[in-house]
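Report on the structure given below.
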2 protein chains.
Amino acid sequence: MTKKKLVKADSSAQADGTESSSLSPSRRQRSVELKTKAIKDSALAVFSMYGFHGSSLEQIAELAGVSKANLLYYFSSKDDLYLYVLRDILAVWMAPFEALSADQDAVSSIKEYIKQKLEVSRDYPQASRLFCLEMIQGAPLLKSLLEGKLRKQVREKAKVIKAWSDAGQIAPIDPFHLIFTLWATTQHYADFHVQIEAITGKTLDNDRFLKSTVENIQSLIINGLRPRSE
Amino acid sequence: MTKKKLVKADSSAQADGTESSSLSPSRRQRSVELKTKAIKDSALAVFSMYGFHGSSLEQIAELAGVSKANLLYYFSSKDDLYLYVLRDILAVWMAPFEALSADQDAVSSIKEYIKQKLEVSRDYPQASRLFCLEMIQGAPLLKSLLEGKLRKQVREKAKVIKAWSDAGQIAPIDPFHLIFTLWATTQHYADFHVQIEAITGKTLDNDRFLKSTVENIQSLIINGLRPRSE
DNA sequence: GTCTATATCTCGATAGAC
DNA sequence: GTCTATCGAGATATAGAC
């Protein structure tokens with residue numbers, strides 16, 4: 001039940017506190033940006049593994065290569081830091097959704113969406129897992145977003161899917177269940193990466209495994225959606 | 001960032017500590033069972049929401065209707081309690097796997113598996129979420145299980161699937177990706193229930209929604225697997 | 001801006017009365 | 001078996017020197 005220590009990042013943040021005051025304004029600003037980013041990156045790594053309550057500022061600060069007091073100079077509280085991290089990942093998470101477009105035909109839209117989402121699972125697995133943690137906890141911070149912006153966006157995409165099936169491009173299906181299936185299958189490779197690796201010995205970082213994942217899911221779903229004359 | 005209080009269960013545990021000593025041996029044993037179960041149920045509810053580190057014994061005890069000290073009389077430590085809970089849910093989680101059997105034909109096996117797994121997602125959503133939490137955190141306690149028993153079981157089922165496609169019952173597919181897809185799509189409705197509800201307004205507790213979920217996923221995957229002459 | 005020191009709080013676990 | 005009281009560890013956040 002002990003926490004595994006994350007490997008400390010080789011941060012570029014300077015250890016000497018006085019040095020920054022000798023920097024020019026632009027260089028100082030740059031330094032602040034770098035440090036802020038290092039802290040947010042470390043925070044994402046820790047929060048996405050242990051959740052909000054399970055993470056300590058000490059742990060995050062150590063990973064970022066700064067002192068705990070210094071971290072609290074840049075982010076006024078743990079809550080504050082968490083909210084910044086959560087905000088950053090949302091954009092990443094929702095981006096591939098744009099691939100589902102009425103301007104494109106069904107098959108290539110859906111294939112493209114699966115590919116993009118799996119690439120997100122490969123490139124930002126921590127973001128996917130933190131999002132999943134939030135959902136499991138009942139999304140206390142994201143509930144308003146879910147019920148507002150996301151809900152609206154999903155209903156729009158549902159219309160696009162409905163139009164595709166009405167036009168005979170794909171078989172009739174409840175658009176919501178299709179969207180949930182697309183979400184579930186693609187996120188699974190990030191959220192359950194330990195399980196995937198334990199069983200297959202591979203991860204999405206392996207190019208051939210990514211390729212085979214994309215192709216298998218694409219063909220399963222595209223064939224599943226093929227219009228069939230009864 | 002405050003924790004929402006779970007509604008306290010109307011526990012049947014007695015408030016009067018002296019009463020139990022007047023019970024007959026069998027009744028006393030029964031009382032211990034009831035209390036142990038109440039504590040484990042509450043622990044599952046809390047652990048599955050906030051994770052191990054995010055949960056407090058105080059919270060669990062309150063939900064179970066016992067004092068914190070009393071809880072620690074029945075379970076020697078927080079770790080101890082957590083392990084008991086985790087052990088209990090594993091059997092539930094792995095049970096539907098048996099539906100994938102070489103004795104049955106592919107289509108009805110897979111349809112049955114999807115149905116059973118979605119019913120588990122409906123009946124034991126907390127178990128599913130706790131399992132998901134463990135995976136996200138790198139499965140510190142389950143890693144040996146994943147790499148041993150589960151891995152072996154999955155490889156067996158993969159052979160069954162391979163046999164089905166070799167026999168032409170289903171189209172060729174990587175059995176592992178099919179298994180992952182089955183897991184992902186069915187668990188999603190438990191793990192992301194907040195999101196599902198925010199978007200559709202429904203949960204698996206709604207019979208019609210469950211039915212439509214089962215049917216949509218079944219037909220998507222079964223059609224996706226239909227052998228096609230090229 | 002960065003550090004050390006510390007105030008304050010929460011939590012797991014124990015001690016001891018009943 | 002159950003309770004109250006409390007200890008000690010660890011966490012967030014602040015104070016104040018430099």
Side-chain angles (χ1 to χ4, degrees), chain A residues 1-3 5 11-25 27-36 38-39 42-43 46-47 50-83, chain B residues 1-3 5 11-25 27-36 38-39 42-43 46-47 50-85:
Chain A
M1 210 71 59
T2 54
K3 283 187 201 171
K5 262 198 187 169
S11 167
S12 59
Q14 58 221 11
D16 180 0
T18 60
E19 193 184 337
S20 60
S21 42
S22 67
L23 297 174
S24 66
R27 273 187 62 93
R28 184 180 307 163
Q29 194 178 343
R30 176 85 185 125
S31 161
V32 168
E33 273 171 30
L34 278 177
K35 208 159 199 173
T36 304
I39 292 171
S42 302
V46 177
F47 282 143
Y50 304 109
F52 180 80
H53 297 289
S55 306
S56 76
L57 292 181
E58 181 74 51
Q59 217 181 345
I60 295 168
E62 193 191 348
L63 188 64
V66 302
S67 73
K68 189 173 58 170
N70 194 217
L71 184 157
L72 284 163
Y73 172 78
Y74 286 96
F75 295 89
S76 63
S77 71
K78 190 183 181 182
D79 282 28
D80 189 42
L81 175 57
Y82 188 76
L83 286 172
Chain B
M1 209 71 60
T2 54
K3 283 187 201 172
K5 262 197 188 169
S11 168
S12 59
Q14 58 222 10
D16 180 0
T18 61
E19 193 184 335
S20 59
S21 42
S22 68
L23 296 175
S24 67
R27 275 186 62 90
R28 184 180 308 161
Q29 194 178 343
R30 176 89 184 122
S31 160
V32 168
E33 272 171 30
L34 278 176
K35 209 158 197 174
T36 304
I39 293 170
S42 302
V46 177
F47 282 142
Y50 304 111
F52 179 81
H53 297 289
S55 306
S56 75
L57 292 181
E58 181 76 53
Q59 217 180 343
I60 295 168
E62 194 191 348
L63 187 66
V66 302
S67 72
K68 188 173 62 169
N70 194 215
L71 184 157
L72 284 165
Y73 172 78
Y74 287 96
F75 295 89
S76 64
S77 70
K78 190 182 182 184
D79 282 29
D80 189 41
L81 175 58
Y82 188 75
L83 286 173
Y84 269 101
V85 171

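Every chain is numbered from 1 and lettered A, B, ... according to where its sequence line falls, protein lines coming before strand lines. All heavy atoms count here, side chains included; hydrogens, waters and symmetry mates do not.
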Quick one: [X] [atom1] to [N] [atom2], roughly how many Å, whole number?
X	N	atom1	atom2	answer
A/E62	D/dT12	CD	C1'	17 Å
B/Q29	D/dG1	CD	P	11 Å
B/L72	D/dT6	CG	P	18 Å
A/K78	D/dT12	NZ	C1'	8 Å
B/Q59	C/dG12	CD	C1'	14 Å
A/I60	D/dA13	CD1	P	11 Å
A/L57	C/dT2	CG	C1'	17 Å
B/R28	D/dT2	CZ	P	11 Å

### Message
Contact between A/Y73 and A/N70 at the side-chain level, heavy atoms closer than 4.5 Å - yes or no?
### Response
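Yes - at least one pair of side-chain heavy atoms lies under 4.5 Å apart.
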#### Entry: Nearest non-hydrogen partners of B/S77 and B/L72, listed with the distance
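Shortest heavy-atom separation between B/S77 and B/L72 comes out as CA-CD2, 4.0 Å.
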Residue [X], side-chain atoms from C-beta onward, closest of [options]:
X	options	value
A/Y73	D/dC3, C/dG1, D/dT12	C/dG1
B/S77	D/dT2, D/dA13, C/dA13	C/dA13
B/S56	D/dA13, D/dT2, C/dC11	C/dC11
A/A69	D/dA13, C/dC3, D/dT2	C/dC3

### Task
Compare side-chain N and O positions of B/S67 against OP1 and OP2 of D/dC3 and report whether any pair is under 4.0 Å apart.
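Yes.
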#### Entry: A/F52 and A/F47 aromatic ring geometry - parallel, tilted or perpendicular at 30°/60° bounds
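The rings of A/F47 and A/F52 lie parallel, inter-plane angle below 30°.
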### Query
Does the pair B/H53 and A/H53 meet the rule for a side chain to side chain contact (heavy atoms under 4.5 Å, CB included), with working shown?
CA-CA 6 Å; B/H53 297 289; A/H53 297 289; 5.7 Å; no
### Message
On DNA chain D, compare the nucleotides closest to B/Y74 and B/K68; which residue's is nearer the 5' end?
### Response
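Final value for this comparison: B/Y74.
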### Message
Can you confirm whether A/Y74 is buried at OH, in the sense that more than 12 heavy atoms of other residues, nucleotides or ligands lie under 6.0 Å from that atom?
### Response
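Counting neighbours around OH of A/Y74, more than 12 heavy atoms of other residues, nucleotides or ligands fall under 6.0 Å, so yes.
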